[in-house]
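Only one structure is covered here, and it is reproduced in the block below.
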There are 2 protein chains.
Amino acid sequence: MSSTTIFSLSLGRASLTVMASQQKTSRKAAGTQAAIRRPQARAANSRSQRGDAGDDIGLDALVGHAGYAVRRFQLWIFQDFIKTLATVDIRPTQYSVMTVIGANPGLSQMAVAKRLGIERARLVHLLDSLEERDFVSRIASATDRRSHALHLTARGRTALAQFKRLAAEHERHVAEKIGKENRERLLQILACFT
Amino acid sequence: MSSTTIFSLSLGRASLTVMASQQKTSRKAAGTQAAIRRPQARAANSRSQRGDAGDDIGLDALVGHAGYAVRRFQLWIFQDFIKTLATVDIRPTQYSVMTVIGANPGLSQMAVAKRLGIERARLVHLLDSLEERDFVSRIASATDRRSHALHLTARGRTALAQFKRLAAEHERHVAEKIGKENRERLLQILACFT
DNA sequence: AAAAGATTGTTGTTGACGACAACAATTGAT
DNA sequence: ATCAATTGTTGTCGTCAACAACAATCTTTT
């Protein structure tokens, strides 16, 4: 253990930084650094310092990590969803809530929250906004006076139909990005999470 | 299946008090509170109110949406990562930052941020905490007095080695969850996002 | 060289989101 | 009737992405 293997790194940068025990001086920013003056840039290598290209940095160590790829993909996919449904101002979570209610009218908030894996505390605000926009309505349950039966309003139903059309367009974007068959495969692999 | 959220992890708190805290028995004192809320019951909905099973709810409308499956998967994968690396108190983003710096010493904050797709404003706090723990160090760049050259400290290098072992264990969890070959396929499909 | 424009690190704010704790009202079991 | 559990609600806390603004510093233009 503790085999301090000095990666000499690759990527055309012989940085060779001295170990420099380096104190914590540079934390607070904007300090009058009195830094070393080395204006003469000898190498100007343009490689690692200037990431203008942005993709020439080898991060070999991150490939092979599923979480990283999934995080980046999820970011991309949510941004595209939001952008594609920007005209109707619907976010992914709102869409999923309306979809579940539309497919299963009368569900309680607890059931919806459990099904979607979101906290019931959070669902409260979600439903507040959706109810304000007259998309869903909380109807007092006949059998349990604690719970609400969730339904789409008439306006919510027609709205959801439009949302679904836009969501289908978003899915086409996904297919364009990773390939139609890859998208199918992905859905199959992750089916156990839906 | 297992749609019920089982996270009990709560890094940092470890308050596994699942037991219900005792009530105060302040029962509102014989209040036959009549209808503040109208129990109105009509609407004869179809579905059953009791979604206690939690998995009998058909959400046919959500299958086929890549974003939903990816979101759930990303949640699961991050939770497992955090839990697996809880002993060293390292979160996914911190790990990715250290990994990139370790593989490319001397990078600027801008380059790291761009490479990982995170905001440079956010990277500031990330690096603050990592520098506090003596894992990375910001060294004044010789060529550009605006930027910092990021390096792992000696302690950071040995720490990262351990993090990588734990991360590998986490990857094994992923393989167990979705299957070894499915994980490979997933990485291949999402390679364009790394 | 001086002025104008762009970049880097930093601070701050906003809003979505997940997790948790506590509570009143209600239901169910004993 | 009593006690435990559930449901909706409110509130807090911390993470995270997205912006906006700023001082210091390159870089480019004039």
Side-chain angles (χ1 to χ4, degrees), chain A residues 26-33 35 39 41 44 49-52 71 74-76 78-79 82 91-94 107-114 116-129 138 140-141 143-150, chain B residues 5 7-37 39 49-52 71 74-75 78-79 82 91-94 107-114 116-129 138 140-141 143-150:
Chain A
S26 65
R27 272 247 310 304
K28 251 329 186 190
T32 54
Q33 277 300 90
Q49 295 280 20
R50 337 203 6 131
D52 48 21
R71 168 182 164 264
Q74 199 254 353
L75 228 8
W76 182 90
F78 264 51
Q79 282 173 345
I82 294 172
R91 317 214 54 216
T93 313
Q94 297 174 312
L107 282 184
S108 69
Q109 296 184 195
M110 190 62 197
V112 171
K114 216 187 286 186
L116 290 178
I118 61 185
E119 300 248 343
R120 62 186 203 276
R122 184 161 150 55
L123 189 59
V124 172
H125 304 295
L126 251 348
L127 289 175
D128 283 348
S129 81
R138 293 186 246 223
S141 165
T143 62
D144 189 336
R145 284 171 46 202
R146 293 171 301 182
S147 67
H148 298 155
L150 300 176
Chain B
T5 61
F7 333 120
S8 55
L9 82 105
S10 75
L11 71 151
R13 274 215 198 183
S15 70
L16 55 133
T17 68
V18 181
M19 293 296 296
S21 59
Q22 65 291 355
Q23 297 267 78
K24 295 291 197 45
T25 67
S26 73
R27 189 82 26 189
K28 198 49 168 250
T32 43
Q33 280 309 94
I36 285 196
R37 225 174 256 177
Q49 300 279 16
R50 331 172 35 102
D52 49 18
R71 168 181 164 264
Q74 198 254 352
L75 233 359
F78 266 49
Q79 297 281 354
I82 294 172
R91 320 216 42 222
T93 313
Q94 296 174 313
L107 284 184
S108 69
Q109 297 185 193
M110 189 62 198
V112 171
K114 218 186 284 189
L116 291 177
I118 61 186
E119 298 248 344
R120 63 186 203 273
R122 185 163 147 54
L123 190 57
V124 173
H125 305 293
L126 251 350
L127 289 175
D128 282 348
S129 82
R138 294 187 245 222
S141 166
T143 61
D144 190 336
R145 282 166 54 200
R146 294 170 301 180
S147 67
H148 298 155
L150 301 175

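Owing to the predicted nature of the structure, the values given are computational and were not obtained by experimental measurement. Just so it is clear: chains get the letters A, B, ... in the order the sequence lines come, proteins before strands, and each one is counted from 1.
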Rounded interatomic separation in angstrom, taking [atom1] from [X] and [atom2] from [N]:
X	N	atom1	atom2	answer
A:Glu119	D:dG11	CD	P	17 Å
A:Gln94	C:dA16	CD	C1'	10 Å
A:Arg145	D:dT7	CZ	C1'	13 Å
A:Ile118	D:dG8	CD1	P	12 Å
A:Asp144	D:dG8	CG	P	8 Å
B:Leu123	D:dT15	CG	P	16 Å
B:His125	C:dT10	NE2	P	10 Å
A:Asp128	D:dT9	CG	P	7 Å

Counting just side-chain N and O atoms, does [X] come under 4.0 Å of either OP1 or OP2 of [N]?
X	N	result
B:Gln109	C:dT10	yes
B:Arg120	C:dT11	no
A:Ser147	C:dT26	no
B:Arg138	C:dT8	no

- prompt: Which residue, A:Arg91 or B:Val124, contacts DNA chain C at a nucleotide closer to its 5' end, judged by nearest heavy atom?
  reply: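 This one resolves to B:Val124.
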Specify the closest pair of heavy atoms between [X] and [Y], including all atoms of both residues, with the distance to one decimal.
X	Y	value
A:Leu116	B:Arg71	O-NH1, 3.8 Å
A:Val124	A:Arg138	O-NH2, 3.9 Å
B:Leu123	B:Ala113	CD2-N, 3.8 Å
B:Leu107	B:Ala111	CD2-CB, 4.1 Å

query: In terms of the nearest nucleotide of DNA chain D, which residue is placed more toward the 5' end: A:Leu75 or A:Leu127?
result: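 The residue mapped nearer the 5' terminus is A:Leu127.
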message: Let's see if you can work this out: which of D:dG8, C:dG18, D:dC26 has an atom nearest to the side-chain heavy atoms of A:Arg122?
response: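 Of all the options, the side chain of A:Arg122 is nearest to C:dG18.
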field: Sole residue of A:His148, A:Arg120, A:Lys114 in side chain to side chain donor-acceptor pair (under 3.5 Å) with A:Gln109
entry: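 Running side chain to side chain donor-acceptor pair (under 3.5 Å) over A:His148, A:Arg120, A:Lys114 with A:Gln109 returns exactly one hit, A:His148.
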Between CG on residue A:Leu75 and CD1 on residue B:Ile118, distance to nearest 0.5 Å: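 Here the rounded value is 11.0 Å.
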Sub-3.5 Å pairs of nitrogen or oxygen atoms, protein against nucleotides 3-7 of chain C:
from: C:dT7; atom 1: O2; to: B:Arg146; atom 2: NH1; distance (Å): 2.5

message: Run the side-chain contact (heavy atoms from CB on, under 4.5 Å) test against B:Arg146 and tell me which residues pass, sequence neighbours left out.
response: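 With neighbours one apart ignored, the set is B:Asp144.
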